[in-house]
K.L.:
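Got a structure here, written out as structure tokens. Questions coming.
Numbers here simply count residues along the sequence, with the first being 1.
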Amino acid sequence: MAGITPTEWWELLPAGIRELADGYVLQDARMRAVRTVFEAGRARGLGLADAQLVVHDRYLHHGDRIARTPDSPLDLDSLAALASGAPGRVVAIEAVWDGDTVHDWFVELLAVTADPAGDHALAVIHRDAAARYLGDEDLGRRHPSAVAAERAGSALAAHLSVPFHFASPHTPDDEAPRLRE
């Protein structure tokens, strides 16, 4: 049904579905909320994009009541503590791009280890968290997640006396060459 606003779609959903979707929103479980709204409204013509808009409106409606997933710490002491807990000897710090339909592009900061070889997540840096970390700094055209990852990752690598690797710091690319490929 063309021309229906997110609020109108919301009101067309059964009360139990609205309650379930709001429960997911309040838990910051955006994908579960979108799936619930989409599956319940699909028979009436609600598309996936409309379901995302409905859930976005519910996020705006609930605002500060949402139990937001906390940001990964990016301070040197916290990252060093997390790296020290990785199994094996840390031989590098690496930043890699990832993305999804909820967060768009973001950067994962990893401790690369030997004995045993592996990658161990230290931080996930979404755009909003990066912006809070960087403050009002002018980034030009650079993605805030990349700048924050470079800053925090370089500092941690220097602290640990290991190399820092970020294959694509200027352009989001989840297929950029990894350190061990």
Side-chain angles (χ1 to χ4, degrees), residues 1-75 78-79 81-82 95-110 119-153 166 168-176:
M1 294 190 278
I4 296 180
T5 67
T7 301
E8 291 169 331
W9 276 120
W10 180 251
E11 292 169 0
L12 288 172
L13 295 171
I17 297 299
R18 292 194 311 260
E19 185 176 327
L20 179 61
D22 267 351
Y24 286 140
V25 167
L26 289 168
Q27 294 172 21
D28 200 18
R30 184 180 300 266
M31 292 308 293
R32 285 191 234 153
V34 168
R35 182 178 179 173
T36 298
V37 169
F38 174 63
E39 288 177 352
R42 181 174 24 200
R44 292 187 171 157
L46 177 78
L48 182 57
D50 290 322
Q52 291 173 322
L53 291 172
V54 168
V55 170
H56 176 73
D57 272 11
R58 300 313 294 167
Y59 267 79
L60 295 176
H61 171 79
H62 289 295
D64 290 340
R65 294 181 46 218
I66 298 169
R68 300 278 181 183
T69 304
D71 296 338
S72 295
L74 297 177
D75 63 282
S78 296
L79 290 172
L82 292 168
V96 296
W97 286 103
D98 201 352
D100 61 36
T101 57
V102 174
H103 300 103
D104 196 26
W105 287 106
F106 55 89
V107 177
E108 293 184 69
L109 202 56
L110 305 170
D119 298 330
H120 308 281
L122 300 175
V124 176
I125 309 169
H126 297 106
R127 178 183 289 273
D128 292 344
R132 285 188 287 278
Y133 172 71
L134 297 167
D136 293 330
E137 184 176 333
D138 180 17
L139 308 177
R141 299 178 141 230
R142 298 219 33 224
H143 194 290
S145 298
V147 175
E150 268 188 322
R151 184 163 303 154
F166 193 177
S168 183
H170 298 285
T171 305
D173 181 359
D174 58 356
E175 295 182 11

K.L.:
Measuring from Arg132:CZ to Asp71:CG, what's the distance to the nearest 0.5 Å?
P.N.:
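Answer rounded to 0.5 Å: 4.0 Å.
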K.L.:
Where is the tightest heavy-atom contact between Ala148 and Ile125, given as atom of each residue plus distance?
P.N.:
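That would be CB-CG2, 4.0 Å.
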K.L.:
Show the nearest heavy-atom pair for residues Ala95 and Val107, with the distance to one decimal.
P.N.:
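Closest approach of Ala95 to Val107, heavy atoms only: CB-CG1, 3.8 Å.
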K.L.:
Which pairs of donor and acceptor atoms, one on a side chain in residues 31-38, lie under 3.5 Å apart (sequence neighbours left out)?
P.N.:
from: Arg35; atom 1: NE; to: Glu39; atom 2: OE2; distance (Å): 2.8
from: Thr36; atom 1: OG1; to: Arg32; atom 2: O; distance (Å): 2.9

K.L.:
Could you grab the distance from atom CG of Leu109 to atom CD of Glu150, nearest 0.5 Å is fine?
P.N.:
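The distance works out to 11.0 Å.
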K.L.:
With rounding to the nearest 0.5 Å, note down the distance linking CG in Leu12 to CD1 in Ile17.
P.N.:
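Output value for this atom pair is 13.0 Å.
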K.L.:
Using the test salt bridge (charged side-chain N to carboxylate O under 4.0 Å, His left out), find all partners of Glu108 that sit at least two apart in sequence or belong to another chain.
P.N.:
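Scan of Glu108 (salt bridge (charged side-chain N to carboxylate O under 4.0 Å, His left out), adjacent residues dropped) gives none.
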K.L.:
Kindly write out the residues that satisfy salt bridge (charged side-chain N to carboxylate O under 4.0 Å, His left out) with Arg58, not counting sequence neighbours, or none if the list is empty.
P.N.:
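Expected list: Asp22.
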K.L.:
Under the rule for salt bridge (charged side-chain N to carboxylate O under 4.0 Å, His left out), what residues qualify as partners of Arg42, not counting sequence neighbours?
P.N.:
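Not a single residue meets the salt bridge (charged side-chain N to carboxylate O under 4.0 Å, His left out) criterion with Arg42.
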K.L.:
Please report the shortest heavy-atom distance between Pro73 and Leu79, naming the atom on each side.
P.N.:
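It is O-CD2, 3.5 Å.
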K.L.:
Only counting residues at least two apart or in another chain, list the ones meeting side-chain contact (heavy atoms from CB on, under 4.5 Å) with Asp173.
P.N.:
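Scan of Asp173 (side-chain contact (heavy atoms from CB on, under 4.5 Å), adjacent residues dropped) gives Ser168, Glu175, Ala176.
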K.L.:
Let me confirm one number: the CH2-CG distance from Trp10 to Asp50, rounded to the nearest 0.5 Å.
P.N.:
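Interatomic distance, Trp10 CH2 to Asp50 CG, rounded to 0.5 Å: 14.5 Å.
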K.L.:
Counting N and O atoms only, with roles assigned by atom type, does the side chain of Ser145 sit under 3.5 Å from a partner on the main chain of Ala130, one being a donor and the other an acceptor?
P.N.:
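Checking the backbone N and O of Ala130 against the side chain of Ser145, no donor-acceptor pair under 3.5 Å is found.
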K.L.:
Of all the heavy-atom pairs spanning Ala29 and Tyr59, show the shortest one and how long it is.
P.N.:
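In this case the closest contact between Ala29 and Tyr59 is N-OH, 3.7 Å.
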K.L.:
How far apart are the closest heavy atoms of Leu122 and Leu82, and which atoms are they?
P.N.:
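Closest approach of Leu122 to Leu82, heavy atoms only: O-CD1, 3.4 Å.
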K.L.:
Atom NE2 of residue position His120 - does it have more than 12 heavy atoms of other residues, nucleotides or ligands inside 6.0 Å?
P.N.:
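Check passes, neighbour count above 12.
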K.L.:
I need the full list of ring pair (Phe, Tyr, Trp, His ring centres under 6.0 Å) pairs touching residues 127-147, with sequence neighbours left out, sorted by first then second residue.
P.N.:
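Residue pairs with at least one partner in residues 127-147: Trp97-His143.
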K.L.:
Under the rule for side-chain hydrogen bond (donor to acceptor under 3.5 Å, both in side chains), what residues qualify as partners of Arg68, not counting sequence neighbours?
P.N.:
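Counting only residues at least two positions away or on another chain, Arg68 forms no side-chain hydrogen bond (donor to acceptor under 3.5 Å, both in side chains).
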K.L.:
Taking salt bridge (Lys or Arg N to Asp or Glu O under 4.0 Å) as the cut-off, I'd like each qualifying pair that reaches into residues 8-18, sequence neighbours left out, listed once.
P.N.:
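The answer is none; no pair qualifies.
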K.L.:
For Arg141, give me all partners under side-chain contact (heavy atoms from CB on, under 4.5 Å), at least two apart in sequence or on another chain.
P.N.:
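side-chain contact (heavy atoms from CB on, under 4.5 Å) check on Arg141 returns nothing, list empty.
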K.L.:
For Arg151, what residues pass the salt bridge (charged side-chain N to carboxylate O under 4.0 Å, His left out) criterion, not counting sequence neighbours?
P.N.:
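For Arg151 the salt bridge (charged side-chain N to carboxylate O under 4.0 Å, His left out) partners, ignoring immediate neighbours, are Glu137.
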K.L.:
CG of Leu13 to CG of Leu46: how many Å apart, nearest 0.5 Å?
P.N.:
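With rounding to 0.5 Å, CG (Leu13) is 7.0 Å from CG (Leu46).
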K.L.:
Residues two or more places apart in sequence or in another chain: which of them pass side-chain contact (heavy atoms from CB on, under 4.5 Å) with Pro6?
P.N.:
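Testing Pro6 for side-chain contact (heavy atoms from CB on, under 4.5 Å), a comparison that skips the adjacent residues, returns Leu53, Val54, Asp57.
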K.L.:
So which atom in Leu74 and which in Ala152 form the shortest heavy-atom distance, rounded to 0.1 Å?
P.N.:
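For Leu74 versus Ala152, the nearest heavy atoms are O-CB, 3.7 Å.
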K.L.:
Sequence neighbours excluded, which residues qualify as side-chain hydrogen bond (donor to acceptor under 3.5 Å, both in side chains) partners of Asp98?
P.N.:
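By the side-chain hydrogen bond (donor to acceptor under 3.5 Å, both in side chains) rule, Asp98 matches no residue at all.
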